[in-house]
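Structure record follows, encoded as structure tokens.
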Amino acid sequence: QVQLVESGGGLVQAGGSLRLSCAASGLTFSSYAMGWFRQAPGKERELVAAISWGVGATYIAHSVKGRFTISRDNAKNTVYMQMNSLKPEDTAVYYCAAVAYGSSWYTPDSYDNGYWGQGTQVTVSS
């Protein structure tokens, strides 16, 4: 049974930082690309960052480029997203997702056939 468990969300002031973690189990982690999505109330789901299997090429959305980074530790079956210079508009539920080798890992729709975590709330106060 595949499980993705996010942690690290919370309440932070604008300009602050958070690091999200997503621990995966039940899959061969190194063979999966991992993505971080977010969804704010009334808004569409957005792929914020993704990291491929293998050497770990990365994708960062324009909206967070220069502020967010994504990394993975295959030995720990964990993917991270470091979020710096947070803004109130970053407030959302953040989800991690996994998609198997061979998928278009930087394409949001590819994750529809993958695995998803339950999400963690990030709230940035002004």
Considering all heavy atoms, the nearest [X]-[Y] contact:
X	Y	result
Q82	S17	NE2-CB, 3.9 Å
A92	Q121	O-NE2, 3.4 Å
S110	S104	OG-O, 2.9 Å
W105	Y111	O-OH, 2.7 Å
S52	A33	CA-CB, 4.0 Å
P108	Y106	CD-O, 3.8 Å

Note to self: Would you say that more than 12 heavy atoms from the other residues, nucleotides or ligands in this model lie under 6.0 Å from the CD of E89, or not?
What the structure shows: yes
Margin query: Are the side chains of W53 and S31 in contact, using a 4.5 Å heavy-atom criterion?
Written below: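 No, side chains not in contact.
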Margin query: In the structure I gave you, are the side-chain heavy atoms of Y59 and L47 within less than 4.5 Å of one another anywhere?
Written below: yes
Checklist line | From OG (S103) to CG (N113), nearest 0.5 Å | finding: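 S103 OG to N113 CG: 7.5 Å, rounded to 0.5 Å.
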Notebook entry, point to check: Roughly how far apart are Q13 CD and S126 OG, rounded to 0.5 Å?
Noted result: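 Q13 atom CD to S126 atom OG measures 9.5 Å (nearest 0.5 Å).
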Item checked: Whichever hydrophobic residues join M81 through chains of side-chain contacts under 4.5 Å ->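 Under the 4.5 Å side-chain rule, M81 groups with V2, L4, V12, L18, L20, L27, F29, Y32, M34, W36, V48, I51, I60, V64, F68, I70, V79, M83, L86, Y94, Y115, V122, V124.
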Margin query: Test question: given the 4.5 Å side-chain rule for I, L, V, M, F, W and Y, name all other residues clustered with L11, or answer none.
Written below: none
Note to self: Test: salt bridge (charged side-chain N to carboxylate O under 4.0 Å, His left out). Region: residues 61-77. Which pairs qualify, not counting sequence neighbours?
What the structure shows: R67-D90
Margin query: Between E6 and G119 (side chain of the first, backbone of the second, donor and acceptor by atom type, cut-off under 3.5 Å), is there such a pair?
Written below: yes
Margin query: I'd like to know if the side chain of S21 reaches the main chain of Y80, judged simply by a donor and an acceptor atom lying under 3.5 Å from each other, with no hydrogens or angles considered.
Written below: no
Note to self: Would R19 and S7 count as a side-chain contact (heavy atoms from CB on, under 4.5 Å) here? Give the steps.
What the structure shows: CA-CA 9 Å; R19 188 176 81 153; S7 61; over 6 Å; no
